[in-house]
Amino acid sequence: MAGSNKKDMNQNDVIDSAKAFFTSFGILFLVFLIALVGSIIFPPKHGEEAQGGGAPTANIDAAAIFKQNCASCHGQNLEGIAGPNLTKVGATHSAEDIAKIIKEGKGGMPPGMLKKQPEIQAVAQWLSEHK
């Protein structure tokens with residue numbers, strides 16, 4: 001009987017360890033599941049720039065954004081290809097006017113060529129300085 005009692009204790013230890021493991025695993029799984037559901041229901045906000053607020057544009061390379069997104073129509077040197085010449089666009093349009101055109105489009109330019117408000121502001125400001 002003494003040997004049987006020792007075997008029962010080992011089985012109880014294994015069962016207790018398994019219970020502890022699955023309880024811990026279950027709690028971690030529930031925490032993960034709650035976080036996942038919470039992130040779906042309440043998606044994270046990425047600052048004011050996600051809403052079009054006053055995000056700083058100092059660290060944005062407007063010329064590079066222009067070359068990547070706009071130069072195919074407006075030319076690498078703003079000379080115009082399919083789109084109009086922008087070499088002196090700042091003489092007739094303010095940064096706000098240019099930002100509106102970038103957002104809403106104009107003529108053959110479709111709206112939304114740039115999506116992020118800080119990039120729109122940076123490119124509009126950069127273009128408005130070309131006079």
Side-chain angles (χ1 to χ4, degrees):
M1 288 230 176
S4 174
N5 195 13
K6 186 174 182 181
K7 185 177 180 183
D8 289 340
M9 284 184 61
N10 286 339
Q11 286 178 340
N12 286 338
D13 288 344
V14 170
I15 291 171
D16 289 342
S17 295
K19 284 181 183 178
F21 172 78
F22 286 114
T23 300
S24 299
F25 181 77
I27 291 170
L28 287 173
F29 179 74
L30 286 175
V31 169
F32 170 76
L33 191 60
I34 290 168
L36 178 65
V37 169
S39 70
I40 292 170
I41 294 172
F42 305 105
K45 294 180 182 173
H46 298 289
E48 287 185 14
E49 64 271 7
Q51 301 299 322
T57 60
N59 295 333
I60 297 175
D61 186 352
I65 293 168
F66 178 89
K67 286 184 180 187
Q68 183 177 11
N69 297 282
C70 314
S72 61
C73 291
H74 295 287
Q76 292 289 325
N77 298 312
L78 311 176
E79 72 275 10
I81 300 173
N85 182 318
L86 300 176
T87 55
K88 296 182 181 179
V89 69
T92 57
H93 293 81
S94 68
E96 292 79 22
D97 293 337
I98 297 169
K100 183 177 179 183
I101 293 169
I102 294 170
K103 285 183 207 174
E104 299 175 5
K106 184 176 180 181
M109 180 176 163
M113 293 303 293
L114 297 178
K115 307 262 187 257
K116 297 178 182 175
Q117 186 63 30
E119 290 181 354
I120 293 170
Q121 290 174 341
V123 171
Q125 181 62 43
W126 179 73
L127 286 170
S128 72
E129 295 168 2
H130 290 82
K131 299 181 181 189

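As the structure is a prediction and not an experimental result, all values here were calculated from the model. Count residues from 1 along the sequence.
Within the 4.5 Å cutoff, no side-chain heavy atoms of His74 are placed close to those of Ile81. With contacts defined as side-chain heavy-atom distances shorter than 4.5 Å, the pair Met113/Lys103 does not qualify. Side chains of Asn77 and Thr87 form no contact here, defined as non-hydrogen atoms less than 4.5 Å apart.
The CD1 atom of Ile34 lies 12.0 Å from the OG atom of Ser39; values are rounded to the nearest 0.5 Å. To the nearest 0.5 angstrom, Ile98 atom CD1 is 7.0 Å from Ile102 atom CD1. Expressed to the nearest 0.5 Å, how far NZ of Lys116 lies from CD1 of Ile60 amounts to 9.0 Å. With values rounded to the nearest 0.5 angstrom, Phe32 atom CZ is found 7.5 Å from Phe29 atom CZ. Here Phe66 contributes atom CZ and Leu78 contributes atom CG; the two are 4.5 Å apart, rounded to the nearest 0.5 Å. Atom CD1 of Ile27 is separated from atom CZ of Phe22 by 14.0 Å, given to the nearest 0.5 angstrom.
For the residue pair Met109 and Ile101, the shortest heavy atom distance occurs at CE-O, 3.9 Å. Closest of all the heavy-atom pairs between Lys131 and Lys88 is C-CG, 4.0 Å. Residues Ala122 and Ala62 approach most closely at O-CB, 3.4 Å, considering heavy atoms. Taking all atoms of both residues into account, the shortest heavy-atom contact from Ala99 to Ala124 is N-CB, 3.6 Å.
Within 6.0 Å of atom CD in Gln68, 12 or fewer heavy atoms from other residues, nucleotides or ligands are found, so the atom counts as exposed in its surroundings.
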Original post:
What do the steps show when you test Asp61 against Ile65 for side chain to side chain contact (heavy atoms under 4.5 Å, CB included), and what is the final call?
Top reply: CA-CA 6 Å; Asp61 186 352; Ile65 293 168; 5.7 Å; no

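For Asp97, the side chain to side chain donor-acceptor pair (under 3.5 Å) partners at least two apart in sequence or on another chain are Ser94.
Checked by atom type, the side-chain pair Gln125/Glu129 shows a donor-acceptor distance below 3.5 Å.
Taking the six-membered ring where the residue is Trp, His130 and Trp126 present perpendicular rings, their angle passing 60° and hence far from 30°.
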